[in-house]
Amino acid sequence: MKNNLELWERVQKTDPKHTKKAKIGGMSITAVAPQYQILNATREFGVYGQTWGFKNIDFDFTLVEKFKLVVLKATFFSPEGECQIVNSSKIYMDRAETMVDADFAKKMETDALTKVLSKMGFNADIFMGRFDDVKYVNEMKAEFKEKPSLDDSKLDGCDKWSDEQKEAVKNKFKLTKKQLELLK
């Protein structure tokens with residue numbers, strides 16, 4: 001039976017080093033760094049633009065005059081499939097509507113990418129409100145803490161270790177490929 005949550009379970013947790021607090025419309029939120037999301041999506045899917053990304057990007061300006069909005073429509077594709085995404089943004093940076101945001105297209109594409117990746121489970125812990133819990137954030141800090149490396153000499157005789165001992169070493173230290181092979 002296929003595990004439909006396999007991808008979600010791999011990508012749902014967020015390293016707190018790649019987040020920051022932000023205010024959006026008066027609300028305090030936790031924002032994830034888009035480049036961190038791109039790194040994780042590249043790890044899962046391959047090179048951006050080749051095996052995943054957006055295609056058929058279209059900006060619709062018909063709502064600018066009445067609502068001051070631009071709408072982005074695009075197709076997101078990945079090895080898992082594809083879906084349509086729609087996003088909108090105000091075109092002006094100020095309330096007086098005198099300063100056009102020169103980066104509106106880039107911001108809309110980044111926001112749309114964050115939204116579509118979140119639907120696939122990327123950084124789900126943020127979008128599910130887990131980062132509002134200090135205890136959870138501290139657990140993530142501990143989980144993503146950089147592990148120390150291990151000197152090869154410490155693995156002498158590891159072929160006689162129990163599976164539990166080998167697993168404990170894998171969990172505690174950052175190991176090289178050679179070291180991981182020794183622990184198999």
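Bear in mind that the values here come from a model prediction, so they are computed numbers and not experimental data.
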J.: Tell me the closest heavy-atom pair linking F76 and L117, and the distance in Å.
T.: CZ-CD2, 4.1 Å
J.: As an exercise, state the distance from OG1 of T176 to CG of D152, rounded to the nearest 0.5 Å.
T.: 6.0 Å
J.: Under 4.5 Å side-chain heavy-atom separation, chaining through any Ile, Leu, Val, Met, Phe, Trp or Tyr, what else clusters with M128? Say none if it is isolated.
T.: L5, W8
J.: Counting only pairs under 3.5 Å, give me each side-chain donor-acceptor contact of residues 25-35, with atom names and distances, residues two or more places apart or in other chains.
T.:
| unit_1 | atom_1 | unit_2 | atom_2 | d |
| --- | --- | --- | --- | --- |
| T30 | OG1 | K21 | NZ | 2.8 |

J.: Does any non-hydrogen side-chain atom of E9 lie less than 4.5 Å from one of N3?
T.: yes
J.: Enumerate, atom names and distances included, each donor-acceptor pair closer than 3.5 Å involving a side-chain atom of residues 42-55, sequence neighbours excluded.
T.:
| unit_1 | atom_1 | unit_2 | atom_2 | d |
| --- | --- | --- | --- | --- |
| T42 | OG1 | I38 | O | 2.8 |
| R43 | NH1 | N40 | OD1 | 2.5 |
| E44 | OE1 | R10 | NE | 3.0 |
| E44 | OE1 | R10 | NH2 | 2.6 |
| E44 | OE2 | R10 | NE | 3.3 |
| Y48 | OH | E109 | OE2 | 3.4 |
| T51 | OG1 | F45 | O | 2.7 |
| T51 | OG1 | V47 | N | 3.4 |
| T51 | OG1 | V47 | O | 3.3 |
| W52 | NE1 | G46 | O | 2.8 |
| K55 | NZ | E82 | OE1 | 3.0 |

J.: According to side-chain hydrogen bond (donor to acceptor under 3.5 Å, both in side chains), does anything in residues 133-142 pair up with another residue at least two apart or in another chain? List the pairs.
T.: D125-Y136
J.: Nearest 0.5 angstrom please: F59 CZ to M108 CE, how far?
T.: 5.5 Å
J.: Tell me every residue that passes side chain to side chain donor-acceptor pair (under 3.5 Å) with K147, counting only those two or more places apart in sequence or in another chain.
T.: none
J.: For residues 96-103, please give each side-chain donor-acceptor pair under 3.5 Å, one per line with the distance, not counting sequence neighbours.
T.:
| unit_1 | atom_1 | unit_2 | atom_2 | d |
| --- | --- | --- | --- | --- |
| T98 | OG1 | D94 | OD2 | 2.6 |
| D101 | OD1 | D103 | N | 2.9 |
| D101 | OD2 | K107 | NZ | 2.8 |

J.: Should the pair K178-E181 be classified as a salt bridge under the 4.0 Å nitrogen-to-oxygen rule?
T.: no
J.: Could you tell me the separation between the CZ atom of F77 and the CG atom of N56, rounded to the nearest 0.5 Å?
T.: 9.5 Å
J.: For P16 versus V137, what's the shortest heavy-atom pair and its separation?
T.: CG-O, 3.9 Å
J.: Rounded to the nearest 0.5 Å, how far apart are OG of S78 and CE of M120?
T.: 4.0 Å
